[in-house]
Amino acid sequence: MSDAATGGAQAGAHPAQLSVAIVGPTHPFKGGVAAHTTALAHELAEAGHDVTLVSWSHLYPSLLYPGEQAVPGGSPDVEPFPRTLRVLSWARPDTWVRTGRRLRDVDVIVVVHVIPAVVPAHLALLRAAGVGRTSSSGRGPRTVVICHNVLPHEAHPADRPLMRSFLERVDAVVVHSDEQARMAAALGAARVKELDLPPHLPGGDPEPRPERAAGDTDVRLLALGIVREYKGVDLLVDAMREVPGVRLTVAGELWGEAGRRVRELAADPRLEGRVEVHPGYVPADRIPALMARHDVFTLTYRSATASQNALMARHHGLPVLASAVGTFPSQVRDGVDGVLVPPSDRDALVGALRRLTEPGEADRLRAAVRAPDLSGPWAHYVGGIEALAAPPAEDGDEPPPLPLSPVGRAKALVAGIRARRGPVVEIGPTDLPERVRATDLLALDADAVDAVEIARALGLPRPGEPVAAWSALGALAAIIRIRDDGHRSSVIVDESGTGSPLGRWARAVGFAPVELELTGPRAAVEVLDVDTASLDVITRLHPGGCTATDVDHAVGQASWALRSGGLLVLTVPIGDDDPDFAVRPAGVRGILARADDLGLTLVGDVDGDVLDRMRHARLVAAGGDAPAYAVLRLTFRRR
C-alpha cells in the first residue's frame, strides 16, 4: 500500500487535504455501485485529497448474487481509478484484518455499503484500523458509510440487527433519499446526511436517432438492467396486454422468479412480436445505440431508494415512464418530460401507456427533456463527504475565528451575534428545487420571476429585484449544497452589496456572512487583508457583480483566498453591445480556461450551452430581432 494510504496527510500538504481510503467495489465488478465508487474516488482526488481505493478480489458468494459479478469482456463501465488495491476477499477474513491494520493512519475511511451480508467484513476491517464505537474521540480514522440501501429490497430477518451493529459504530452515514435517512436513524446512526446521488453514467455520449421505417408509429419502450422483483418489469409487460401500439425491449439479466415471470408474460398471444427479451449484461458501449433506438425509458419499480437511471435517460434525450417511488418524482416532471404513476397500480399504468400512444405525445415529452448537470451534483456530494470527514462541533462551541483585519472582525462579530440567535428559516439541500443550479444563464424574465416565487415559498425575507433574487438564490443553493457542514459555520465574504439579498438570506438560514459594498477597484479580500486559503465562500452577485473588465481580477483573488473546496460565486452580464461591461458569449470560454489554470473548477456545465440558449432567447424575445438581456452565474470550486 502506498505511503499516502498508510501515513496520513503528508507533511507540507494543504491543511484541508485528507488522506482517504474508500472501501468498496470497483472494476471489474459491474453495476451502478461499482461505477459510483470509482467515480467518487476520481472526484475526491480531483478535489485535492489523497485517495486510495481499497477493493475486492472476491466480493459476494454466488448464493447472494446469482448473476455474473464481473463485467463481461473486461471493458470498464467507468474509467478505473489508478490507485486501486484489490486486496479484500469474501472468503478470507484474514484479508479484512490485515487491510484494516494498514489503514490505521488515514484520516477517513469511506465504506461503501450494499448488502448486510458484508457487514462482518466491514466491522472486522474497522476494528483492525483502530476505530472504536466512534472515532470522534481521536482514536483511529474517522468513518463515513455510504449506504446505497440501508436494508435490502428483499430483506431477511437478520438484516436489521446486522445493520444496527454496523451503523452504531461509525461516525456518519450518507444516504440518498429521505426514506433511507429515516431508516438509518432508526437503526442507530448518530449522524445521517442525505445527499443526492450524483450521476455516474456508463456509455458515453448520446448517439443520433436512426430513421424509422415508413408507417412505423409504435411507441418503443426500453427496460434496461437486471430484472428483479422490486423493479416491476412484469407489471409493465402485463399492462401492455391492454394497450396496442406499444413495443418493449427488455435488456438485462433475468433473475429468479422475476425473470421467469417476464418470459411467461412476453409469450402471451396478445403481445406477439411486441416484447423482445435480450437476457444478459448490457456492456456500457452498447447503451448509447440502445437508447437511440427507443422512444421512452421505463422505470416501473414497485419500490426504490435512489437511482441514476432517470438521469441516464435524460442524458440520452429520452422521456421516462416511472413509478412515483424513491427519487423518481424529483427527477421526472410528470406530464412535461415523462409520466409518473403510483407503484403497482395496473390501471394507472395502462392509462399511462394509452397516453403515450396518442399521436405526437412521446415526441412532445422528448422535446422537453433537459440534459442533466453532470458536474454540479458531484461538487455537492464531495462537499458533503468533506464536511462529514471533520469531527462534529461540540454543543456550545463558538464559531471559528475569522482571519480578518480589525474592521473585518468587527463586521463578522456583529453578523455572528445575529446568527447565534438561531436561523429564522430552516432550509436543507433537498428543499431547493433541482432547477436552481449553481451555474446557470438568465436570459428570460420569467426565470427571474420564478426565482422570486421560490424564495417566497421557502420563507426567505425580502427577495427584492428579480434578477438579484435569481443571482442570490443560485448562490445560496450552492453554499447549502456544497459548503454547509450542518452547523452553518462556513466563512462567507459577500461582495455583492446591499442590492443583493444574499447576505440577509444567508443570515436568515443561520450563516454569519461578512458583507461589503465595493466602492473602488480593490477586491474585498484585499480590503479585509485575509490570510491565504482562509475563506469558504466568496460571492459577487448582481447588481454588484463582475463586469468584463474585472472578472479576471476577481477570479485571481479567489484562487489564493479560498481554502480547498471553497466556492467563488459571481455573476457577469453577457452581451455584444458594451465590451467594457458585458462579456461576449465567446469570451465565456476564456473565463473558464483562466479559472481552471488557477485551480478553480466550474460547478455545473455551462461551456457549450451558453450560445445555444442565448440564440433561443433571442428568438423568443421580440420575434428574434432584439437581443435578450442575459446574466451568467458562475460557481467555481477551489481544488
Side-chain angles (χ1 to χ4, degrees), residues 399-405 407-428 431-432 436 438 442 448 451-452 454-456 458-485 487-520 522-528 530 534-546 554 557-558 561-562 566-572 631 633-636:
L402 301 183
L404 306 176
S405 67
V407 173
R409 282 194 293 271
K411 290 178 177 288
L413 177 61
V414 173
I417 292 171
R418 291 172 179 167
R420 279 194 290 273
R421 294 184 303 188
V424 177
V425 182
E426 297 287 347
I427 294 177
D431 296 319
L432 293 149
V436 179
L442 176 66
V452 172
I454 292 172
R456 286 173 175 162
L458 291 171
L460 294 170
R462 293 180 291 149
E465 185 263 325
V467 176
W470 175 87
S471 303
L473 189 64
L476 183 67
I479 294 168
I480 291 176
R481 290 167 175 164
I482 301 173
R483 288 304 305 174
D484 183 28
D485 61 358
H487 302 280
R488 300 294 200 249
S489 61
S490 291
V491 181
I492 302 172
V493 170
D494 178 25
E495 307 176 7
S496 308
T498 56
S500 169
L502 178 67
R504 56 181 178 269
W505 287 357
R507 286 195 302 275
V509 301
F511 292 103
V514 178
E515 298 171 79
L516 290 157
E517 188 91 42
L518 296 184
T519 58
R522 298 179 69 199
V525 293
E526 292 172 312
V527 173
L528 291 176
V530 302
S534 60
L535 302 181
D536 294 297
V537 181
I538 300 172
T539 58
R540 191 164 169 187
L541 307 171
H542 178 89
C546 293
Q557 295 295 328
L562 289 173
L567 298 180
L568 168 67
V569 191
L570 55 83
T571 58
V572 291
V631 176
R633 182 176 60 236
L634 295 170
T635 299
F636 296 100

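- Applying the side-chain contact (heavy atoms from CB on, under 4.5 Å) test between Ile538 and each of Leu568, Val569, Ile492, Leu570 identifies Leu568 as the sole match.
- With contacts defined as side-chain heavy-atom distances shorter than 4.5 Å, the pair Ile427/Leu460 qualifies.
- For Arg483, the side chain to side chain donor-acceptor pair (under 3.5 Å) partners two or more places apart in sequence, or in a different chain, are Asp536.
- Taken from CZ in Arg633 to OG in Ser471, the straight-line distance is 6.5 Å, to the nearest 0.5 Å.
- Residues Leu562 and Val537 have side chains not in contact (no heavy-atom distance under 4.5 Å, counting atoms from C-beta outward).
- Between the CG atom in Leu535 and the CG atom in Leu567 there is a gap of 11.5 Å [rounded to 0.5 Å].
- The side-chain heavy atoms of Arg507 and Pro513, taken from C-beta on, include a pair separated by under 4.5 Å.
- The minimum heavy-atom distance linking Leu473 with Trp505 is given by the pair N-CZ3, 3.5 Å.
- Taking OG of Ser500 as the start and CG of Leu541 as the end, the distance is 5.0 Å to the nearest 0.5 Å.
- Inter-residue side-chain proximity for His542 and Glu465 is flagged as met; some heavy-atom pair is nearer than 4.5 Å.
- Distance CZ/Arg481 to OG1/Thr635: 10.0 Å, rounded to 0.5 Å.
- Between Arg488 and Ile480, the closest heavy-atom pair is NH2-CD1, 4.4 Å.
- Residues meeting the side chain to side chain donor-acceptor pair (under 3.5 Å) test with Arg456, sequence neighbours left out: Glu453.
- Considering all non-hydrogen atoms of both residues, Pro466 and Val452 come closest at CA-CG2, 3.7 Å.
- Closest of all the heavy-atom pairs between Val436 and Ala477 is CG1-CB, 3.8 Å.
- In terms of heavy atoms, Ala468 sits closest to Pro543 at CB-CD, 4.1 Å.
- At a threshold of 4.5 Å between non-hydrogen side-chain atoms, the residues Ile479 and Phe511 count as touching.
- At a threshold of 4.5 Å between non-hydrogen side-chain atoms, the residues Val467 and Thr571 do not count as touching.
- Taking all atoms of both residues into account, the shortest heavy-atom contact from Leu442 to Ala448 is CD1-N, 3.6 Å.
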Inset, instruction - Take Val631 and Val572 through the test side-chain contact (heavy atoms from CB on, under 4.5 Å) and record every step on the way to the result. - result: CA-CA 6 Å; Val631 176; Val572 291; over 6 Å; no
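- Looking at heavy atoms from C-beta onward, Thr539 lies out of side-chain contact with Val493 at the 4.5 angstrom threshold.
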